[in-house]
Amino acid sequence: MLVVPGRPEAGKSTLALAAHEAGATVLSDEYTLIDPDTGLVTGWARSVRRRRPDGPAELVDIVVRSDPLPVGLIAIVHHDPDGEVWHPISPAKATIEVLHHTICSRSRPADALNAVLKIASGAPAVLGSRGEAGEAIVELLALLGGRDEEEERG
């Protein structure tokens, strides 16, 4: 599972739509629930909102329900038209980045930190900027796929 934390309007929905078009299963474009005991992640099943510059958002039903899954890759993504460079980051940096986007970090800081530590210590993380969403998701899915292949070998 690929986890892409980000602010509202950071491009998560655009990446989710691109992932769907690339053949990936999408569990959420906005929220995920992380079990602080296991680190397993559950998607938030709701329609993806595709923003339109000329009117209200269009709802696209691509999200599927799933049992809780382990995180295979965390991607901290920023939009840059000239992007497409991914750099590995440490579990500590990943923890800080993901915690920054964890909604319950103010109301339940211990649970939030435990949950984020579980995923950040168990999955590799990359930081980068993306240009076109379709190209970025192909690269991120390839990084995720390489991780899955390593686990099968090792």
In terms of hydrophobic clustering (I, L, V, M, F, W, Y; side-chain heavy atoms under 4.5 Å; direct or indirect links), are [X] and [Y] co-clustered?
| X | Y | result |
| --- | --- | --- |
| L113 | V41 | yes |
| I119 | L69 | yes |
| L127 | V116 | yes |
| V126 | L141 | yes |
| L99 | V71 | yes |

Quiz prompt | Sidechain-backbone polar pair: K12 side chain, G6 backbone, donor-acceptor under 3.5 Å | solution =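 Yes: the side chain of K12 pairs with the backbone of G6.
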Closest heavy-atom contact between [X] and [Y]?
| X | Y | result |
| --- | --- | --- |
| A120 | I74 | CA-CD1, 3.9 Å |
| V98 | T102 | O-OG1, 2.8 Å |
| P68 | L40 | CB-CB, 3.7 Å |
| P124 | G72 | CD-O, 3.3 Å |

Quiz item: Does any non-hydrogen side-chain atom of M1 lie less than 4.5 Å from one of L27?
Solution: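 Sidechains of M1 and L27: in contact.
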Exercise. Mind jotting down which residue pairs meet the ring-ring contact (aromatic ring centres under 6.0 Å, His included) criterion with at least one end in residues 32-65? Sequence neighbours excluded, please.
Key: Y31-W44
Exercise. Mind jotting down which residue pairs meet the ring-ring contact (aromatic ring centres under 6.0 Å, His included) criterion with at least one end in residues 84-128? Sequence neighbours excluded, please.
Key: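 Output for this query is empty, none listed.
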Nearest 0.5 Å, please: how far is [atom2] in [Y] from [atom1] in [X]?
| X | Y | atom1 | atom2 | answer |
| --- | --- | --- | --- | --- |
| E58 | S13 | CD | OG | 11.5 Å |
| T25 | L2 | OG1 | CG | 12.5 Å |
| I137 | E132 | CD1 | CD | 10.5 Å |
| E135 | L140 | CD | CG | 12.0 Å |
| C104 | L33 | SG | CG | 9.5 Å |
| E97 | S90 | CD | OG | 10.0 Å |

Quiz item: I34 and T42: side chain to side chain contact (heavy atoms under 4.5 Å, CB included), yes or no, with the steps?
Solution: CA-CA 7 Å; I34 306 168; T42 305; over 6 Å; no
Self-check item: Verdict with reasoning, D37 to K118, per side chain to side chain contact (heavy atoms under 4.5 Å, CB included)
Solution: CA-CA 8 Å; D37 295 324; K118 282 284 187 184; 5.7 Å; no
Quiz prompt | Candidate pair L15 and H79, rule side chain to side chain contact (heavy atoms under 4.5 Å, CB included), full reasoning | solution = CA-CA 11 Å; L15 282 172; H79 183 262; over 6 Å; no
Exercise. Given side chain to side chain contact (heavy atoms under 4.5 Å, CB included), test E30 with T32 step by step and report yes or no.
Key: CA-CA 7 Å; E30 189 66 31; T32 56; over 6 Å; no
Quiz item: Who else is in L17's hydrophobic cluster (ILVMFWY, side-chain heavy atoms under 4.5 Å, direct or via others)?
Solution: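 V26, V48, V60, I62, V63, all in the cluster of L17.
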